[in-house]
Undergrad: 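Got a structure for you, questions after.
The structure displayed is predicted, hence computed values, not measured ones.
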Amino acid sequence: MRSIIVLTAVLAWGIAVWAQSTEPRIWQGVYTAAQAERGKASFNSSCLRCHGPELQGNTAPALSGDRFYTSWGNEVIGSLFAKVRDTMPPNFGTSIDDQTKLDIVAYILQTNGFPAGPGELELTGKDLASAQILKKGEQSVVQNFSLVQTVGCLARGPDNTWILTRTADPLATRDDVPSAQSLSVAAARPLGTRTFRLLSVMPFSPESHQGHKMEARGLIYNEPGDERLTLTSLQMAAGTCGT
């Protein structure tokens, strides 16, 4: 009987660990409560006029609720930050540094119900470039023939083909071409270990980008020994990939 109880406890612990490990990163806490509090103070002094006291929108779009997920669902946090960094506030002569804008992003996440964690959201941290904005219980689904985005190094493959080496794990996306903000996020995203054969590559002039770090989007096909991307976009994210 005791061995059954122990086995049951071990199985329950394993299930709990598995559930925690599959929880999307954004629901594990990517900012601190103190950072969000700083962001709230900055938002109220610089952003409230256009976005409203509850981020419900005024003369500018809502940054909470359904409108927030319509605009930013499945995007990495860095895309939201890049939009805030590059375009906000628009015309009021207010100068806000990047760290303050990142704190405002933390406040936006808090307002939308994402939990705080033990560490701050950092300008050079991996969460900015890889943690996706997903609803509670939602997973980033990357199935065969779904539209994805990733980064990797463009190289020639065998038999006059082109491949993307050192590729990061693909993320589901809704857009077949990146925005300027998405490209700036891609430049900071770490490379990975995967290799994809690229299809429909010639319209993107691959010869001029050989050896560069590229942001790629397309339809994925992923089977053991056969990983492919049928491209909808291939744009340079940074210079040479380096070592």
Side-chain angles (χ1 to χ4, degrees), residues 24-26 30-31 35 39 42-43 46-47 50-51 60-61 63 68-91 94-109 112 114 120-134 140 147-154 164-192 196 198 204-206 208-218 229 231-242:
R25 174 63 187 129
I26 196 167
V30 297
Y31 66 91
Q35 184 177 26
S42 298
F43 177 91
S46 302
C47 313
C50 292
H51 292 283
L63 293 172
F68 175 77
Y69 282 107
T70 298
S71 299
W72 300 107
N74 279 328
E75 293 291 338
V76 295
I77 299 171
S79 295
L80 172 61
F81 168 68
K83 178 69 173 180
V84 174
R85 180 195 64 199
D86 296 344
T87 66
M88 300 293 135
N91 299 309
T94 303
S95 178
I96 306 175
D97 61 50
D98 287 354
Q99 182 59 56
T100 300
K101 290 183 177 182
L102 190 61
D103 294 344
I104 291 172
V105 168
Y107 172 57
I108 294 171
L109 296 179
N112 283 280
F114 297 105
E120 290 200 353
L121 190 60
E122 298 178 341
L123 290 168
T124 57
K126 64 179 181 180
D127 285 333
L128 204 61
S130 60
Q132 287 181 279
I133 298 171
L134 299 167
S140 177
L147 184 64
V148 300
Q149 61 97 352
T150 187
V151 294
C153 300
L154 185 62
L164 205 63
T165 66
R166 299 170 61 190
T167 305
D169 287 337
L171 301 173
T173 185
R174 298 170 300 171
D175 301 317
D176 54 9
V177 295
S179 64
Q181 289 81 18
S182 295
L183 275 179
S184 70
V185 172
R189 188 177 175 194
L191 296 169
F196 283 86
L198 302 179
F204 303 103
S205 303
S208 61
H209 294 297
Q210 186 173 353
H212 291 164
K213 182 178 181 181
M214 306 295 289
E215 202 259 18
R217 297 186 179 221
L229 281 179
L231 295 174
T232 61
S233 173
L234 184 67
Q235 298 192 40
M236 189 169 70
T240 56
C241 279

Undergrad: Is the side chain of Arg174 donor-acceptor paired with the backbone N or O of Gly73 at a distance under 3.5 Å, no angle test?
TA: yes
Undergrad: Any sub-3.5 Å donor-acceptor pair from Arg25's side-chain atoms to Asp127's backbone N or O?
TA: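 It does not hold such a pair.
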Undergrad: Is there a side-chain contact between Pro178 and Gln235 in this structure, where contact means two heavy atoms from C-beta onward sitting under 4.5 Å apart?
TA: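 Yes, at least one pair of side-chain atoms sits under 4.5 Å.
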Undergrad: Are any side-chain N or O atoms of Ser79 and backbone N or O atoms of Ser182, one a donor and one an acceptor, separated by less than 3.5 Å?
TA: no
Undergrad: Is any side-chain heavy atom of Arg217 closer than 4.5 Å to a side-chain heavy atom of Leu231?
TA: no
Undergrad: Under 3.5 Å, side chain of Thr100 to main-chain N/O of Ile96, donor-acceptor pair present?
TA: no
Undergrad: Would you mind reporting whether Ile133 and Phe114 have side-chain heavy atoms less than 4.5 Å apart?
TA: yes
Undergrad: Has His212 got a side-chain atom pairing as donor or acceptor with Cys153's backbone, closer than 3.5 angstrom?
TA: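 Flag not set: sc His212 to bb Cys153 has no pair under 3.5 Å.
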Undergrad: With a 4.5 Å limit on heavy-atom distance, are the side chains of Arg85 and Asp98 in contact?
TA: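 They are in side-chain contact.
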Undergrad: Check whether any side-chain heavy atom of Lys83 sits under 4.5 Å from a side-chain heavy atom of Trp72, and report yes or no.
TA: yes
Undergrad: Going by side-chain contact (heavy atoms from CB on, under 4.5 Å), Thr150 matches just one of Thr173, Leu229, Leu191. Which one?
TA: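 For Thr150, the side-chain contact (heavy atoms from CB on, under 4.5 Å) check succeeds only for Leu229.
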Undergrad: Counting only N and O atoms by type, is there a donor-acceptor contact under 3.5 Å from the side chain of Glu75 to the main-chain atoms of Leu80?
TA: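 The answer is no, because no donor-acceptor pair under 3.5 Å joins these two groups.
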